[in-house]
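To start, the structure under review is shown below, and the notes come after it.
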Amino acid sequence: MSNDPRLIIALDVYDLAKAINIASETADICFAFKVNWPLVMNSGVGAISELSRFGRVICDFKLADIPNTNTLITDRARSAGAWGIISHSAVGEDSLRAVVKSAKSMKVFSVVYMSHPGWSDIMGDSLSRLISISRSAGVDGLIGPGNEPDVLRKIRQYEKQLPILAPGIGAQGGSPLKAIQAGADYIIVGRSIYSSDDPRRSAMALLDDISGAGPPERILE
Ligand code: O7E
């Protein structure tokens, strides 16, 4: 399914045919595909099962609701064939626990710090608390900002075991190698790949950049 263990491609497109094209061209060089609201709102939940034919699908729904609603969404993503789901941790431990419980064998990743400036304005001081909530809820990995190596280092200081998945690479200014050197195990990349004329070639260029880094220290299976 996947040769490169570090790259997760964000398929933030509306058009399922385009997402399928990119997935079929890159399935052998990435670890997983991430789908977000643009694709699912336009193409329906069936996009998850369609893309699952090419590899692992992570539903980036950034769940941030009461436990019952989080459970309903997680159940639906699981029945559609998702391999993983992303939740906010800032919504509280009870809501995050509901996601972990209904995910069953599906992986759960929680956001502990975001890559856009507005996050640090409001939430910057909550990092250790959000990591602690994530850990006790039993998530499988953390989402941290690939364009802020200092924050990634802090996350790694607080949490030694869980893998870190880092968006913010390329279009948001982050360097894949610097993110990995700062503690990220996986990088999440969208526009630099899906907006390119040749998504496979762009993905390969990113992989070249990190080829010396070796496999992730903390591996997701
Ligand atoms: O900037 P791009 O085009 O490479 O896309 C980045 C993707 O990562 C996009 O889907 C966006 O929603 C997501 N993302 C961030 O950019 N910043 C964050 O802090 C968190 C995420 C994210 O994916 O969260 C869950 C993994």
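Both ligands and their constituent atoms are indexed starting at 1 by order of listing. Note that these values count all heavy atoms, side chains included, but never hydrogens, waters or copies made by symmetry.
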State the atoms of ligand 1, each with its element, that fall below the 4.0 Å cut-off from a heavy-atom position in [X].
X      : value
Ser115 : 15 (C), 16 (O), 17 (N), 18 (C), 19 (O)
Ile188 : 26 (C)
Arg191 : 1 (O), 2 (P), 3 (O), 4 (O)
Ile169 : 4 (O)
Asn36  : 10 (O), 12 (O)
Met114 : 18 (C), 19 (O), 20 (C)
Lys62  : 12 (O), 20 (C), 21 (C), 22 (C), 23 (O), 24 (O), 25 (C)

- Message: Salt bridge check, Arg218 against Asp140: does any charged N sit closer than 4.0 Å to a carboxylate O?
- Response: no
- Task: Look at Arg97 together with Asp94 and state whether they make a salt bridge at an N to O cut-off of under 4.0 Å.
- Result: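 Looking at Asp94 together with Arg97, the answer is no, because their closest N to O distance does not fall below 4.0 Å.
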- Hey, is ligand 1 close enough to Gly168 that some N/O pair sits below 3.5 Å?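 Not met; the criterion fails.
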- Query: Any nitrogen or oxygen of Ser192, main chain or side chain, under 3.5 Å from a nitrogen or oxygen of ligand 1?
  - Reply: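 No, there is no polar N/O contact under 3.5 Å.
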Shortest protein heavy-atom distance from [atom], along with the residue and atom involved:
atom                    : answer
atom 4 (O) of ligand 1  : Gly190 N, 2.8 Å
atom 20 (C) of ligand 1 : Pro167 CG, 3.4 Å
atom 6 (C) of ligand 1  : Gln172 NE2, 3.6 Å
atom 11 (C) of ligand 1 : Lys34 NZ, 4.1 Å

- Item | Part of Leu165 within contact of ligand 1 (heavy atoms, under 4.0 Å) | neither
- Which is it for His116 and ligand 1 at heavy atoms under 4.0 Å: side chain, backbone, both or neither?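 Neither; no heavy atom under 4.0 Å.
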- Message: Can you confirm if the aromatic rings of Phe31 and Tyr186 lie within a centre distance of less than 6.0 Å?
- Response: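 Judged by ring-centre distance (under 6.0 Å), Tyr186 and Phe31 do meet the cut-off.
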- Under the 3.5 angstrom rule, does the side chain of Ser24 hit a backbone N or O of Asn21 as a donor-acceptor pair?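 Between the backbone of Asn21 and the side chain of Ser24 there is a qualifying donor-acceptor contact (under 3.5 Å).
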- Message: Test your reading of the model: is there a side-chain donor-acceptor pair from Ser132 to the backbone of Ser128, 3.5 Å cut-off?
- Response: no
- Message: I want to confirm something. Looking only at heavy atoms, which of Ile8, Asp12, Ile58, Ile86 is nearest to atom 25 (C) of ligand 1?
- Response: Ile86
- Item | Side-chain heavy-atom pair Thr74, Met106 within 4.5 angstrom cut-off |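 With C-beta onward as the side chain, the pair touches.
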- Evaluate salt bridge (Lys or Arg N to Asp or Glu O under 4.0 Å) for Arg200 paired with Asp28, printing each intermediate quantity in order. CA-CA 10 Å; Arg200 184 180 174 89; Asp28 63 322; 2.7 Å; yes
- Task: Fit a plane to each ring of His88 and Trp119, take the angle between them on a 0 to 90° scale, and name the class: parallel (under 30°), tilted (30 to 60°) or perpendicular (over 60°).
- Result: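 The rings of His88 and Trp119 lie parallel, inter-plane angle below 30°.
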Enumerate, atom names and distances included, each donor-acceptor pair closer than 3.5 Å involving a side-chain atom of residues 163-171, sequence neighbours excluded.
none

- Any pair counted as salt bridge (Lys or Arg N to Asp or Glu O under 4.0 Å), so long as it reaches residues 37-55, sequence neighbours left out: Glu50-Arg53
